[in-house]
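Working notes, beginning with the structure itself.
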Amino acid sequence: MSWVYIENLKKYINENVEIKGWLYNKRSSGKIHFLQIRDGTGFVQGVLEKSKVDEEIFENAKRLRLESSIIVQGKVREDPRAPSGVEIEVSNLKIVQVPIEDYPIGKKEHGIDFLMDHRHLWLRSKKQFHILRIRHEIVKAIREFYDSRGFVLIDTPIFTGAIGESAGNLFQVNYFDYGKAYLAQTGQLYLEAACMAFGKVYNFGPTFRAEKSKTRRHLTEFWMNEAEVAYYEHEDNMKLQEDLVSYVIQKTLEHAENHLKALDRDISKLEKIEPPFPRISYDDAVKLLQRKGFNIKWGDDIGGDEETAISQEFDKPVIVFNYPRHIKAFYMQPDPQRPEVVLCDDMLAPEGYGEIIGASQRIHDYDLLVERIKENNLPLESYDWYLDLRKFGSVPHSGFGMGLERVVAWICGLRHIREAIPFARTLYRLHP
RNA sequence: UCCGGCGUAGCUCAACCGGUAGAGCGGGUGGCUGUUAACCACUAGGUUGGGGGUUCGAGUCCCUCCGCCGGAGCCA
């Protein structure tokens, strides 16, 4: 009898198969047991009838507790009463292990603190199954997008010296006798180096921010995809972002629609996501917010509530571009027509999910970059190799970073980003 | 770091103006051949987060500490 995964059961109608999995719930009456089985690929009900199996097997099923690991054998049967359309007529049941304690996660609702404390077990539940499968498809789509366009994957380091946008929110670690190292909060500067070697490059990996943020949009460790392209200017950059996000949505719909439906996600809202995306300048965004009653003036940064208000005007992600120079990072290229603004953009996801991409064209002129570093009171010597890039064949180039968990939360329709990553690291949570 | 909220059975929550602690789920026992968070009956289960105070009396009011949640700032 062959071992079959639940996701493939429909190919084995009326055949005898073996399923290796776990019991996630059980309902029974005196002469029939309904075993709810999962195996990591899906969920199926096994029906065990007293009149059709050995007495011993039926009695063994009574001993099963939630999350018992079991191997069942039986015939695959189409049944309109089953949510997935098939169930297993169990003929044999092997118990691998009966849990030695009661399974802590019950069928009724739990509080978030309890669930996060049991994240290692919570992963087994249905909602998490669907979310993390969707995350997997999103990651695949991101990689496919770049690979199909001739980008080269350049993995940027996680241990770095003190280089990045600002030092205040870096995690420090001891690095042998060299002193302190810092966990990367961006790989951008390294990608800028790499794009001068490979033209089109991207990275994808964990990023660390020691910001004491306590919101539904923040993690201290999150996955970020960054891209950097030599000879790309602001407009090319925005186009690339639209194409990426649209591709990811379309591929996720293609490969994970069943999981999205299982989460009750409104698919129609995702189906609309295709280029071009609405674009609004920072200037117009401020005017829009003023009309909506926000107390904001030109030069102020756009906060979380304001972002939500802007994104509510559109049913696609909206690109807000050309922010004032003084509220953005030192390396951003000034607008040649208006030096008080820089050639940058943020992409805000719809439905209040906030910023998913931060992007800019980078300064390629050596003297201008030195001036900006000094202006921001940053140590010139830390940027020695970064400045080198402007000495040798410097060209205009642009790039961006996309936060994976925010994209996952948006696509899945999650209220909080912590469920968009297998083991979330937040301000007060390092365990499990 | 700041502002707000919460902490009662293993879990999710009740408990009026301060008056002697209650339900569902889960556990145990029994019943039930189509259940979909199955159902029905019985049953066990509590130092009300820790410490201090007010009071004849505190889950309830006050102080303090701890833990977590939400938001702000900052960002993806």
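Letters A, B, ... are given to chains in the order of the sequence lines, protein chains preceding strands, and every chain is numbered from 1. Here the structure is a predicted model, which is why all the values come from computation and not from measurement.
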Euclidean distance for P, B/rU1 against B/rU12 (whole angstrom): 27 Å
Touch class at under 4.0 angstrom, heavy-atom based, for A/R77 against every strand present: base
Among B/rC32, B/rU1, B/rC75, the nucleotide that comes nearest once only the side chain of A/K214 is considered: B/rU1
Selection from B/rC68, B/rC75, B/rG73 that lies nearest to any side-chain heavy atom of A/S213: B/rG73
Candidate nucleotides B/rG34, B/rC74, B/rG70, ranked by approach to the side chain of A/R81 - the nearest: B/rG34
Sugar-phosphate, base or nothing in reach of A/F114, heavy atoms under 4.0 Å: sugar-phosphate
ring centroid sep under 5.5 Å plus plane angle under 30, A/F34 with B/rG34: no
Which residue lies more 5' along RNA chain B, comparing A/S29 with A/E307 via nearest heavy atoms: A/S29
Distance between P atoms of B/rC3 and B/rC63 (Å, rounded): 15 Å
Closest nucleotide among B/rG70, B/rU12, B/rC74 to the A/H110 side chain: B/rU12
Sugar-phosphate only, base, or nothing, as touched by A/E49 at under 4.0 Å among non-hydrogen atoms: base
Closest listed nucleotide, where the reference is the side chain of A/R429 and the choices are B/rU1, B/rC69, B/rC75: B/rC69
Per A/Q36 side chain, nearest of listed nucleotides B/rU33, B/rG70, B/rU35: B/rU35
Residue A/E211, side-chain atoms from C-beta onward, closest of B/rC74, B/rC69, B/rA72: B/rC74
Touch class at under 4.0 angstrom, heavy-atom based, for A/D346 against every strand present: nothing
Quiz item: A/R65 side-chain donor-acceptor pair to B/rG28 base, under 3.5 Å: no
A/L219, nearest nucleotide to its side chain (from B/rU1, B/rA76, B/rC69): B/rA76
Base-pairing string, 5' to 3', of RNA chain B - Watson-Crick or wobble, under 3.5 Å, | interstrand: (((((((..((((.....[..)))).(((((.......))))).....(((((..]....))))))))))))....
B/rU60 to B/rG52 separation - P atoms, rounded to the nearest Å: 14 Å
Interatomic distance at P, B/rG26 relative to B/rC39, whole Å: 7 Å
Residue A/F222, side-chain heavy atoms: nucleotide from B/rC75, B/rA76, B/rG71 that is nearest: B/rA76
Which residue lies more 5' along RNA chain B, comparing A/Q45 with A/K62 via nearest heavy atoms: A/K62
Side chain of A/H416 - closest among B/rC74, B/rG70, B/rA37: B/rG70
Touch class at under 4.0 angstrom, heavy-atom based, for A/E87 against every strand present: base
Touch class at under 4.0 angstrom, heavy-atom based, for A/R216 against every strand present: sugar-phosphate
